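What follows is one structure encoded as structure tokens, with my remarks underneath.
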Amino acid sequence: MSLRDASFFALIAVLIVGTGFIQSWNTALLIVNMGLISAIMALGVNIQWGYAGLFNVGIMGFVALGGLASVIVTMPPTTEAWAVGGLRVIGGLLLGAATIVAAILTYSRMRAGRARNITMLVILIGGFFLFREVYDPAVVAIEKVNPAGTGYLGGLGLPVLLAWPVGGVLAAGAAWIIGKTALGLRSDYLAIATLGIAEIVIAVLKNEDWLSRGVKNVVGLPRPVPYEIDLQNTPEFVERVTNWGFDPTTASSIYVKLSYSVLFTIVLVILLWLAQKAWNSPWGRMMRAIRDNEVAAEAMGKDVTARHLQVFILGSAVCGVAGAMMTTLDGQLTPGTYQPLRYTFLIWVMVIVGGSGNNFGAVLGGFLVWFLWVQVEPIGLALMQLITAGMADGYWLKKHLLDSAAHMRLLTMGLVLLLVLRFSPRGLIPEK
Amino acid sequence: MDFLNALVAFLNFVLVPGTAYGAQLALGALGVTLIYGILRFSNFAHGDTMAFGTMFVILITWGLQGLGVSFGPLPTALLALPFGILVCAAFLLITDRFVYRFYRRERVKPVVFVMVSLGVMFIMNGLTRFIIGPGDQRFADGERFIIRARDFKEMTGLNEGLAIKTTQGITLVTAIIVVAVLFWFLNKTRTGKSMRAFSDNEDLALLSGINPERVVMITWLIVAALATVAGTLYGLDKSFKPFTYFQLLLPIFAAAIVGGLGNPLGAIAGGFVIAFSEVTVTYAFKKVAGYVLPDALAPSGLAQLLSTDYKFAVSFVILIIVLLFRPTGLFKGQSV
């Protein structure tokens, strides 16, 4: 890392410490924690875009799947719901999957012609109705079990930290399905396919109440760190922080956030180390060769589509891990809050601003852009107050401008993205 | 009689809304496909261009309503439409001058263009939310129905009513006019022909003295018109919400790709294919089946294939099927 790169990271540190002194240490640590998660997401996107030139605009979907994983892994199972329909739902889903596999097999095994088309139609339509026949009653039964409190299958009740790799695995599975269909086609097609899958994942999370309670949200997810209230009730903790001259309430919340920061930093360091290893390995050189000239790489005997699939799955898995971590941090899964502008396009801004093709750049972009995203709102409000200072109170324009200050964020992000693309397309820390 | 009732129910709930929605998607897809054909990239800002143009139509409509101007039985928004198009066109031309032109000269890869369009999308989305807010806006006025369900029942004596909203009628008529003018322009005028030449083979077009900047400028003007018209019609028919317009991106792209990117005729066909599939798959056929089938066979449930919330899944599945089996679309499109 050169002196220039290091100074960028120092700048981030200064910004965050400054936030700590000017606003509050709680805010600063919030920015750090989400910054760490954003950095991991940006790392995942950089693996796809920087290493292989794959354009994925469905990050939101993979992040949400990670969130789903943390519900499925950590929440206690709803035994009653399992009794009334758990196995039946799973049986229905397996039937659905079997239908699709049967259709694919028919397509590849039978000779082209009318017989094949008719067989496929019969399998697909018959399979669909069979699936609905098995699946629908089970869903109704599960959702009837205490709808206000549970109304879903619950999870496995396993340790929280296990949810993070599982989130990666879920996202990788979805990426495999997308990659199998859309890779090998033109670059924009992958973009549109991923855009679609992200919307569908969110639609499933919002509507399949048996799975994750839909828009009723799953709250109170178990945490890998102690609860603030428990800390405040622990005499040793209170005694120690009071000796250091802190208020126990503030100290407990800072302690919890710091614990998260430590956990997230460990994950980030591991992933970053792995990503760097991969980048500098023969595999990484091969990926860049494919990215820079597919035809030449193919002539050298490289299977371009298979390598693309591989890197697409890896990058999506990293996003899934980040998604699971984020849901753990929030302590709840709220499908209604997943917005493509926030979870897909903002991550893209991070990668481009930081420097595509450079893992440290992606991490830097994750922190810097997240910091901007958080701070633009108060800055925008202050700016609007300055602009409207001369206007009379109650003047419609003044009210409108003040109310709309929150939307400055999108504008700023677009401007940052366009300026970086235009004047420094290789980002702050360019690829070496 | 039962058969007629079933038919009317089908017309009322599937065919009429599907046609209006299809026309709206077709206009949107035409814009996407034109940009793809001439400028050679997938414009992710298109949904927000629609929202941006529609926003000005709404603002001007409100202004006109405030002045007491109305268009009789037709929505005032139609009077505001030309002004909305002008503002949208001006914004697109400014964007092209300050953003896209640089990359065109650099001859960057298409994917960089897509990324630039993401930046433009952010800015347009931000501006729209900044000016009009992220909430729902209704701006339809004038007569609400061409045929009311009750009148139709009295007229025909059927149990089922057929309602056709004014906005649906306007959508179809406007779409037909716009498409007719567009095809006349592309096929008969000198400028239109030069655009098609530029789309088919850029090098040959440049050799024969076609001015690329002029072609690009006219493309943006047409795209502004198409996007604003599509957005206004959608907003009149349903309602205006910036986020919904962003989400329209998926069915619009699906329509353009299904028809074959770069092929205007394909975009129209694709729009209707997507719209009808979406409406048919998410409509509960209980009523229709109840009329046609004997009582013993009548469905006990709603007979709905997919819940309405999964309408994105429909366009997505069609998109994937077409990509797998006919990557250039139903009508032959371009591939870069």
Side-chain angles (χ1 to χ4, degrees), chain A residues 49 53-55 57 107 128-129 132 136 177-178 180-182 184-193 195-200 202-204 206-207 214 339-341 344-346 348-349 352 356 400-401 403-422 425, chain B residues 36 41-42 44-45 95 98-99 102-103 106 108-116 118-134 242-243 246-247 249-251 253-254 256-257 261 301 305 307-313 315-317 319-321 323-325 327 335-336:
Chain A
W49 169 247
L54 296 179
F55 190 47
V57 282
Y107 182 77
F128 181 76
F129 283 103
R132 291 288 297 261
D136 286 1
I177 296 175
I178 297 293
K180 264 291 184 200
T181 42
L185 296 167
R186 236 183 28 219
S187 58
D188 331 30
Y189 286 171
L190 178 70
I192 293 155
L195 187 75
I197 200 74
E199 290 294 339
I200 292 174
I202 301 301
V204 167
K206 276 185 182 164
N207 293 292
Q339 298 265 342
L341 286 171
T344 296
F345 299 114
L346 187 66
W348 268 104
V349 178
I352 303 291
S356 45
H400 181 86
L401 286 178
D403 287 347
S404 306
H407 305 300
M408 290 285 281
R409 275 181 170 177
L410 294 172
L411 214 60
T412 320
M413 288 304 141
L415 216 55
V416 168
L417 181 62
L418 285 183
L419 288 175
V420 169
L421 274 175
R422 175 79 157 76
Chain B
Y36 192 85
F41 71 96
S42 308
F44 273 74
T95 323
F98 288 103
V99 182
F102 170 77
Y103 299 98
E106 298 267 298
V108 296
K109 285 191 286 183
V111 77
V112 177
F113 264 111
V114 175
M115 219 158 263
V116 173
L118 288 185
V120 174
M121 176 191 84
F122 262 109
I123 292 193
M124 287 190 124
N125 199 313
L127 280 177
T128 310
R129 285 166 195 238
F130 191 79
I131 297 177
I132 205 165
F243 187 60
F246 168 79
Q247 285 189 315
L249 206 55
L250 185 62
F253 265 115
I257 291 175
L261 269 177
L305 291 175
S307 104
T308 347
D309 303 298
Y310 288 124
K311 58 180 187 209
F312 293 117
S315 19
F316 181 72
V317 168
L319 179 71
I320 292 290
I321 291 172
L323 284 185
L324 284 180
F325 298 103
S335 61
V336 173

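Letters A, B, ... mirror the listed sequences (proteins, then strands); counts begin at 1. Every value quoted in this text rests on a predicted model; they were computed, and no experiment measured them.
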Begin with the C-alpha distance, continue with both residues' side-chain angles, and end with the deciding distance and a verdict on side chain to side chain contact (heavy atoms under 4.5 Å, CB included) for A:L415 and B:F122.
CA-CA 8 Å; A:L415 216 55; B:F122 262 109; over 6 Å; no

Chain B contact via A:F55 - which portion, at a heavy-atom distance below 4.5 Å:
side chain

Relative to chain A, which segment of B:L319 carries a heavy atom at a distance below 4.5 Å: side chain, backbone, both, or neither?
side chain

Any sub-3.5 Å donor-acceptor pair from A:H400's side-chain atoms to B:I132's backbone N or O?
no

So A:L421 and B:F102, do their side chains get closer than 4.5 Å, heavy atoms only?
no

Closest heavy-atom pair, A:W49 versus B:V111, reported as atoms and distance to 0.1 Å, is CH2-CG1, 3.5 Å

Rounded distance [0.5 Å steps], CD1 in A:I202 versus CD in B:Q247:
10.5 Å

Between the side chain of B:Y103 and the main-chain N/O of A:R422, is any donor-acceptor distance below 3.5 Å?
yes

Compare all side-chain heavy atoms of A:I192 with those of B:F44 and state whether any distance is below 4.5 angstrom.
yes

Can you tell which part of A:I352 gets under 4.5 Å to a heavy atom of chain B, answering side chain, backbone, both or neither?
side chain

Among B:V112, B:V116, B:V99, single out the residue with the greatest number of heavy-atom pairs under 4.5 Å to chain A.
B:V116

If you round to the nearest 0.5 Å, how far is CD1 of B:I321 from OG1 of A:T181?
11.0 Å

So how far is it from B:I123 CD1 to A:L418 CG, rounded to the nearest 0.5 Å?
4.5 Å

Need one label for A:V57: side chain, backbone, both or neither, based on atoms under 4.5 Å from any heavy atom in chain B.
side chain

Which portion of A:L417 sits near chain B, non-hydrogen atoms under 4.5 angstrom:
side chain

Nearest heavy atoms of A:A203 and B:D309, plus distance in Å:
CB-O, 3.8 Å

Heavy-atom closest pair (A:L341 atom, B:N125 atom, distance to 0.1 Å) is CD1-ND2, 3.4 Å

In short, B:F316 meets A:G196 closest at the heavy-atom pair CD1-CA, 3.7 Å

